Trainee: 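Take a look at the following structure, please.
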There are 2 protein chains.
Amino acid sequence: MASSSIPERTEPDLSFLLDHTGYVLRTRMAAALAEIGLTARMHCVLVHAVGVERTQIELAEIGDMDKTTMVVTMDALERAGYAERRPSSTDRRARIVVVTEEGARVAERSQQIADGVHRSVLAALPEDERDVLVRALARLASGELEAAAAQPQPVRRARQRSA
Amino acid sequence: MASSSIPERTEPDLSFLLDHTGYVLRTRMAAALAEIGLTARMHCVLVHAVGVERTQIELAEIGDMDKTTMVVTMDALERAGYAERRPSSTDRRARIVVVTEEGARVAERSQQIADGVHRSVLAALPEDERDVLVRALARLASGELEAAAAQPQPVRRARQRSA
DNA sequence: TATTGTTATACTCTATAACTATA
DNA sequence: TATAGTTATAGAGTATAACAATA
C-alpha cells in the first residue's frame, strides 16, 4: 500500500488502482465471511475440498499458501467441525481433507457469500465494463504478466543454528 | 493470497484476479525500483515531495502509510541522500520533506521506471481493453466500492501495561 | 533419496503506546 | 487540549528448519 493516489501527468497509476481495489475487496470479503465464522483461507480450502479427494499439499497449492499455513487453516476447520484429516488410502504420508456434512453446507453458503460480494462489486460498473474488466484481469493473470516477473524478493534469511 | 484459481461454475473470481495481478505487479515494480535502490514507499514519498512543501504526515497520508512507517522511510531517504527533514517555518512541530538535487533526479528516473512497468503491463492487453480496465478500476477505487466496506478488522490489540 | 505433514521458531512488517516539543 | 514526529515494542502473519513417517 505505498502507491500514490495523486495522478501524475504520466501513465495511469495501475499500481495504486490494483492495490486499492484489491485491498477494499479483501476487506469486504473478510467481513462478509467473518459473519459465518470463516476466514478467506478456510473458505478457499473448504470450497476446493468438497466432493473431491485432495491432500493438504494439493489444497495449499490451489490457495497459494505455505504448507505450514495450511496446517493452521486445517486446525481451524477441524475445530469448527467443517473438515477432517483422513489418511490417504494410496499414500500413507498424505492426509485427505474430508469435508463434513456441516462443512459442505457452510461451503455452499460461503460460496454464495463470496459470489454475492463479487456481484455487488461488479454491479457498481456499467454493464459493458464488467466483462471487459474481468477479461482483462484474467488475461493479465494468466501468463503475460507473469512472464517478465522475476523473483526479486531476496528470499527471507533462514534461521541459522550452530555451524 | 488465499483466493482460488479454479473457476467454480459461479461468478468470476474477482478476488483471485485482483490479488494475483496486484501481487505480480507489486513484485515487478519492487524489482524494477530495486535496481536504483528504492522501495515502492521511498519512490512514492520522493515523487510527491519534489517541488512542493509537504510535511511527513501529509506524505504519509498520500502514500497510505502509518506515521511510524513514514519515519522509517524518511530515514532511508536521508541515508541515501535523496531527501532531508527541514523544520517547517509555519509549524515548529512539523518537518518539511525537502528533496535534494540528487533526489530529484532519482525521482524523475523512478517515475519513468514506474511508468514503464505500467506501460509494459498494459501492453499485454488488446488496445480497446486498456482504457476500459483503467476506467473500471478507477471507478471501483473511487467510492462505489468503499461505501459498503465496513471495518471488519478487529483492530489490533494494544499493548497494555499496568492497570 | 525425496516427500507429506507437523512442530517450533525466527523474521518481517506494521501498528500501538508513550513520549517530547510544540500548537 | 490536540498534533507532528520519534522511539520502543508488541502482535499478526508467515516462512524456514528440522523432524517423523512413509514413498
Side-chain angles (χ1 to χ4, degrees), chain A residues 1-2 19 23 26-27 30 34 39-42 44-45 49 53-78 83-98 151-163, chain B residues 1-2 19 23 26-27 30 39-42 44-45 49 53-79 83-98 151-163:
Chain A
M1 247 296 179
D19 274 4
Y23 170 75
R26 247 191 319 280
T27 299
T39 63
R41 269 192 248 275
M42 288 166 78
C44 182
V45 169
E53 292 227 335
R54 283 186 171 137
T55 65
Q56 291 188 191
I57 287 264
E58 286 169 341
L59 288 165
E61 269 160 18
I62 289 172
D64 191 22
M65 33 182 146
D66 195 84
K67 61 179 181 173
T68 60
T69 305
M70 183 70 205
V71 170
V72 177
T73 305
M74 273 307 299
D75 288 348
L77 286 173
E78 281 201 327
E84 290 166 10
R85 290 157 159 115
R86 297 258 186 86
S88 161
S89 52
T90 61
D91 183 340
R92 281 156 66 201
R93 292 170 304 179
R95 319 282 206 99
I96 300 296
V97 175
V98 177
Q151 71 273 37
Q153 311 296 39
V155 179
R156 189 188 293 202
R157 204 166 350 122
R159 142 175 85 135
Q160 45 197 8
R161 235 216 281 237
S162 73
Chain B
M1 225 14 110
D19 274 4
Y23 170 75
R26 245 189 321 278
T27 299
T39 63
R41 268 191 250 275
M42 289 166 77
C44 181
V45 169
E53 292 227 337
R54 283 186 172 139
T55 65
Q56 292 188 191
I57 286 262
E58 286 169 341
L59 289 165
E61 269 160 18
I62 289 172
D64 191 24
M65 30 182 149
D66 194 85
K67 61 179 179 173
T68 60
T69 305
M70 183 69 203
V71 170
V72 177
T73 306
M74 272 308 298
D75 288 348
L77 286 174
E78 281 202 326
R79 265 197 312 275
E84 289 167 11
R85 292 157 158 116
R86 296 256 188 86
S88 162
S89 51
T90 62
D91 184 339
R92 281 156 66 202
R93 292 170 304 179
R95 320 282 205 97
I96 301 295
V97 175
V98 177
Q151 72 274 39
Q153 311 296 40
V155 179
R156 189 189 293 200
R157 210 170 338 131
R159 140 175 86 132
Q160 44 198 7
R161 236 217 279 240
S162 74

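Predicted model only: the values in this text are computed from it and were never measured. Order of the sequence lines fixes the chain letters, A, B, ..., with proteins taken first and strands second; residue numbering starts at 1 for each chain.
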Trainee: For the residue pair Thr55(B) and Arg95(B), establish whether any side-chain heavy-atom pair is separated by less than 4.5 Å.
Mentor: no
Trainee: Arg93(A) or Arg85(A): which one's nearest nucleotide on DNA chain C is closer to the 5' end?
Mentor: Arg93(A)
Trainee: List in chain and number order the residues that pass salt bridge (charged side-chain N to carboxylate O under 4.0 Å, His left out) with Glu84(B), two or more places apart in sequence or in another chain; answer none if no residue qualifies.
Mentor: Arg86(B)
Trainee: Output the distance between atom OG1 (Thr73(A)) and atom CD (Gln56(A)), rounded to the nearest 0.5 Å.
Mentor: 9.5 Å
Trainee: Grab the CG-P distance between Asp91(A) and dT4(C) for me, whole Å please.
Mentor: 8 Å
Trainee: Under the side chain to side chain contact (heavy atoms under 4.5 Å, CB included) test against Val97(B), which residue among Met74(B), Glu58(B), Arg85(B), Arg54(B) passes?
Mentor: Met74(B)
Trainee: Report yes if the side chains of Val45(A) and Leu77(A) come closer than 4.5 Å at any heavy-atom pair, otherwise no.
Mentor: yes
Trainee: Please name the pair of heavy atoms, one in Ala83(B) and one in Glu78(B), separated by the smallest distance, quoted to 0.1 Å.
Mentor: O-CG, 3.2 Å
Trainee: Counting only non-hydrogen atoms, which of residues 66-78 of chain A are less than 4.0 Å from DNA chain D?
Mentor: Asp66(A), Thr68(A), Thr69(A)
Trainee: In whole Å, I'd like the distance from the CZ atom of Arg95(B) to the P atom of dA21(C).
Mentor: 12 Å
Trainee: Rounded to the Å, how far apart are Leu59(B) CG and dA4(D) P?
Mentor: 13 Å
Trainee: Base, sugar-phosphate alone, or nothing: which one does Ser88(B) contact when heavy atoms must sit under 4.0 Å apart?
Mentor: nothing
Trainee: Side-chain N or O of Arg54(B) versus OP1/OP2 of dA4(D): is the shortest distance under 4.0 Å?
Mentor: no
Trainee: Please determine, for the side chain of Arg92(B), which listed nucleotide (dT22(C), dT6(C), dT4(C)) has the closest atom?
Mentor: dT22(C)
Trainee: Check the distance between dT20(C)'s P and Gln56(B)'s CD and give it to me in whole angstrom.
Mentor: 19 Å
Trainee: Can you check the Asp64(B) CG to dC13(C) P distance for me, whole Å?
Mentor: 17 Å
